[in-house]
Amino acid sequence: MTEKVKRKITPKDVIIATLMGLLLIAVFFGANYAINNLVSQPIMKEAIEKRDLDPTVDYIICTPTNDPALPWQVVEDNQGNKIGQPAIIVGFDPRTDMGLKNNFLEAKNKYVFYIEDSETLSTEDQTQYLQYTATNWDILRKIKRAGMFSGMQSGKYILRGDTEDSEKFLQFESNLGNTPVEQ
């Protein structure tokens, strides 16, 4: 019969186990980054820089809200005026055009809506809001995402994984005569 030898855990053993654990975590995060940014997800829409916007074109910059009745908050207009008022967007809207996931919308990205018409309306409880007719939209860089691994995804693009239904977006793009960005 062989006898089991009990061994004490030494500081060297603790250091080796800690380093192996850190290595495992680094491999996990590195693989997740590679999968989300370098390999698997097609680009659905490229973000733009605010400085690239033409102030002679009518546009507004909005952030999404959690209110389904008034889903947008106007941040500013093409003249740089701060608005800060709830709004409804008629026409092109990324919520319906792309079917963006909730965790993407919750990140409070800034969207540019190119508008042709606007009016001020009131709800039944007399809350004033703006209604805009949009001809198209873009998203401003740096794109943010809500979630545990959100910092590991590209801040330059809306990716396939950000949408519930890529077919809806492809239909939207084909109606404009555009195609998704190729990787």
How long is the straight-line distance from [atom2] of [Y] back to [atom1] of [X], given to the nearest 0.5 Å?
X    : Y    : atom1 : atom2 : answer
T10  : I15  : OG1   : CD1   : 8.5 Å
D58  : D117 : CG    : CG    : 10.5 Å
I25  : M20  : CD1   : CE    : 12.5 Å
K108 : K144 : NZ    : NZ    : 10.0 Å
D77  : K82  : CG    : NZ    : 9.5 Å
Y132 : D93  : OH    : CG    : 14.0 Å

Indicate the atoms forming the closest heavy-atom contact of [X] with [Y], along with that distance.
X    : Y    : value
N78  : P55  : ND2-O, 2.9 Å
E116 : T135 : OE1-CG2, 3.4 Å
D13  : I9   : OD2-CA, 3.8 Å

Single-linkage hydrophobic cluster, 4.5 Å side-chain cutoff, [X] and [Y] together:
X    : Y    : answer
I115 : L130 : yes
V74  : V90  : no
I83  : Y111 : yes
I48  : I61  : yes
V112 : I139 : no

Worked check of side-chain contact (heavy atoms from CB on, under 4.5 Å) between V75 and I60: CA-CA 7 Å; V75 177; I60 54 172; over 6 Å; no
Closer than 3.5 angstrom, by distance alone: can the side chain of [X] be matched with the main-chain N or O of [Y] as a donor-acceptor pair?
X    : Y    : value
Q73  : G84  : yes
N136 : Y114 : no
R141 : E46  : no

Just do the side chain to side chain donor-acceptor pair (under 3.5 Å) check on T65 and D67 with the steps written out, would you? CA-CA 5 Å; T65 70; D67 182 356; 5.5 Å; no
Are F113 and W72 an aromatic pair, judged by ring center distance below 6.0 Å? yes
Do [X] and [Y] come close enough that some side-chain heavy atom pair is under 4.5 Å?
X   : Y    : answer
C62 : K110 : no
P71 : R95  : yes
T63 : N109 : no
L23 : L19  : no

Is it the case that more than 12 heavy atoms not belonging to K50 sit under 6.0 Å from its NZ atom?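 At most 12 heavy atoms, drawn from other residues, nucleotides or ligands, come within 6.0 Å of this atom.
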Taking 4.0 angstrom as the limit, do K45 and D138 come out as a salt bridge? yes
Passes side-chain contact (heavy atoms from CB on, under 4.5 Å), I88 versus Y129? Steps please. CA-CA 8 Å; I88 291 178; Y129 67 94; 3.6 Å; yes
